Amino acid sequence: MAEVEPSEAAAGAPLLRVRDLRRSYGGPRSYAVLDGLSLDVRRGETVGVVGESGCGKSTLARALVRLDPVDHGTVELDGVDLASLRGAALRRERRRFQMVFQDPFGSLDPRMTVRQLVEQPLAVHGTPPHLRARLVEEMLDDVGLGGDFADRLPPALSGGQRQRVAIARALVLRPDITVLDEPISALDVSVQAQVLTLLRREQRRLGLTYLFITHDLAAAEHFCDRVLVLYLGRVVEVATSEELFASPLHPYSAALLSAAPQPRGTRQRERVLLRGEPLARRPEAGCPFASRCPVGHDREVCRTTAPELVPASGVAAGGGHQVACHFPGELVAQPVGRTAAPTPAPDAPAPARKGVR
Amino acid sequence: MSAAPSPALPALSVEGLRVAYGDVEVVRGVDLVVRPGEKVGVVGESGCGKSTVALALMGLLAAGGSVTGGAVTVSGSRVDYHDERALDRMRGSQLSLVFQDPLTSLDPVKSIGSQIAEALRRHSPRMSRAAVRARCAELLTAVGVPEPERRLRQYPHEFSGGMRQRALIAVAVANDPAVLIADEPTTALDVTTQAQVVDLLDSLVDGLGVAVVLVTHDIGLVSEFCDRVLVMYAGRVVEEVPSDVLFGGAAHPYTRALLESLPVPGRPRGEDLAWIPGAPPPLSALPPGCSFAPRCAWAQPECSVGTPPRVVVSEPSVAALGTALHTAECRRALEVPRG
């Protein structure tokens, strides 16, 4: 698998450097949920990982923070290979990488007060007691849970408040990198905005680095500097948010972006409907997306040869835009209006469906 | 806009629906009119009562819940929620419901075919076996399941999430209902699968003329799919607005605040999103006056007194008769800048 954009000379060594990460489940007939995944995250950056269920994004999160072992590959944080750490050495490093989970209900001990919950990670990692109180109060104020909130128990909090506690628990350690695994998808819309804004403000204040795992493309576009698109355990495209959302080169990215519901009047491209059903596993050979691909389903090379992740050529080159496709940029979602049917008269027969599968 | 012309008889008409669990009223007077072939969205955040409306209309409220007021008319006939036999006849043949999770809505030990057949036989007991089998295959084809003959013999676990939702929709439309109520039908699905299911619902409206009530938290989805959107807050419809004018034309401060909190395409990256301070009030202890007033940037002292009036924001023009009225339940609906 190709290396991720080697722009290290320009921006200094990446903070997080993942190379050829592999993670398999299941015994003798095991399947690699992550298949040789590489990525870089620079200090202060927010990198998004988007994809649908089964693409391996949560497996990636768990492997990165060593909740699960890594079968193969390296995960280097500032030059230290986390994948090879064990025991006390791993525990010492843990304060440098933290994680916020999707479910704010399942990730907090219901018998601890908010203050105790936020203090706990400091105690675990050996911050002296006289320093803890100030750090905790400061953090709680930042996430808007100061004052009498600090003495409440999680069951007395709303979903958004719980997620703020979970964020405070992670950030109070000033981690080098924070993995945010679907941190807003269990929350109501109006609360999602609050949590994203809070995360960004803390990022500016503390110089944090985020890996943001999500299936919510609008949130990724809004929140991330760069975005990786994952499909069945492989990176199919990497680009800056601006570039990916303006001109996706991989047919899967194009379909994914076009499929997201958009308010009336703001849709710029017609939806691309994919062929058939999603696969649960990568096929033995060829591009993992080939069977559903509007561009490659009937092309020999797509069925036989897996495309490498390589820098994009042409207009998109130079910005670190990479794509794993034999025919990048060939699928361009039609601008809205070009194919729109005229409004039928009320008694007219049903119009032919757009995007016949 | 594909709004149907306004015939004399709405497919579904709900007036002043009230639902209570014990002493707590969770739906507090909801009006809803759905014309044949129309797509109406009901949106709101968790706890606003949108799913309760769906369940109440089907007569499927959980134990302890009851309809305490209002009138529901389906295709011109009044529904009596105390008459279980009449409800049985209505469910599936006049009103159908599709739930969020297709795996728990389908029986895991029965084949897909037998579940569709069961729905057919319930309302047409004298249908011949051959006719049932043919109709089942026809329905699966209509919902976009390939190889229907083979798929009918399969069980739910052999279907993917999207295909299960299609099968469930086939069950729901088996008896040509006037209205299909879809409660978060795509929330459990991936976005590319969601697009396929939404497209299917669209084709059913065009092909069968069924009206769809889409209940969801996803404003982007309703505004794209539906002709008209009802926004719920604390058990009431606070705004009813044609989808075309939802973005940019919303009048209720709650709707506006919800829209501003969305990361929509085109909004500059890095710009902070707005959010609504506080949390929705518990339904057991609503504030006096407008329920949204304590969180509202536009609230004035009089907002906390009495019921807020329903203000007509814009009347449909004569040419567009049959399209939706735009109303908002807010004293200041006409003063608040649209957004």
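Both backbone and side-chain heavy atoms feed into the values below; hydrogens, waters and symmetry mates do not. Throughout, protein chains are lettered first and strands after them, A, B, ... in sequence-line order, and every chain is numbered starting at 1. For clarity, every value in this text was computed on a predicted model and none was experimentally measured.
With a 4.5 angstrom heavy-atom cutoff, B/Q194 touches chain A only via side-chain atoms. Residue A/S53 touches chain B through both its backbone and its side chain, counting heavy-atom pairs closer than 4.5 Å. Contacts of A/L256 with chain B are made by both backbone and side-chain atoms, with heavy-atom separations under 4.5 Å.
The two residues B/P263 and A/A218 come nearest to each other via the heavy atoms O-CB, 3.1 Å.
The shortest side-chain heavy-atom distance between A/P261 and B/D218 falls under the 4.5 Å cut-off.
B/S261 and A/Q192 form no side-chain donor-acceptor contact under 3.5 Å, judged by distance and modelled atom types alone.
Interatomic distance, OG of A/S190 versus CG of B/L259, reported as 11.5 Å (0.5 Å rounding). In this structure, B/L200 CG and A/L273 CG are separated by 11.0 Å, a value rounded to the nearest 0.5 Å.
Without hydrogens or angle criteria, B/Q196 side chain to A/L274 main chain gives a donor-acceptor distance under 3.5 Å.
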Practice problem: Please assess A/V191 against B/W275 for the test side chain to side chain contact (heavy atoms under 4.5 Å, CB included), listing each intermediate value before the final yes or no. | Solution: CA-CA 7 Å; A/V191 182; B/W275 73 80; over 6 Å; no
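The choice from B/S160, B/G209, B/A279 that makes the most heavy-atom pairs within less than 4.5 Å of chain A is B/S160. Across A/E52, A/Q161, A/H215, the residue that shares the most heavy-atom pairs under 4.5 angstrom with chain B is A/E52.
A side chain to side chain contact (heavy atoms under 4.5 Å, CB included) with B/L273 is found for exactly one of A/H222, A/Q194, A/R200, namely A/H222.
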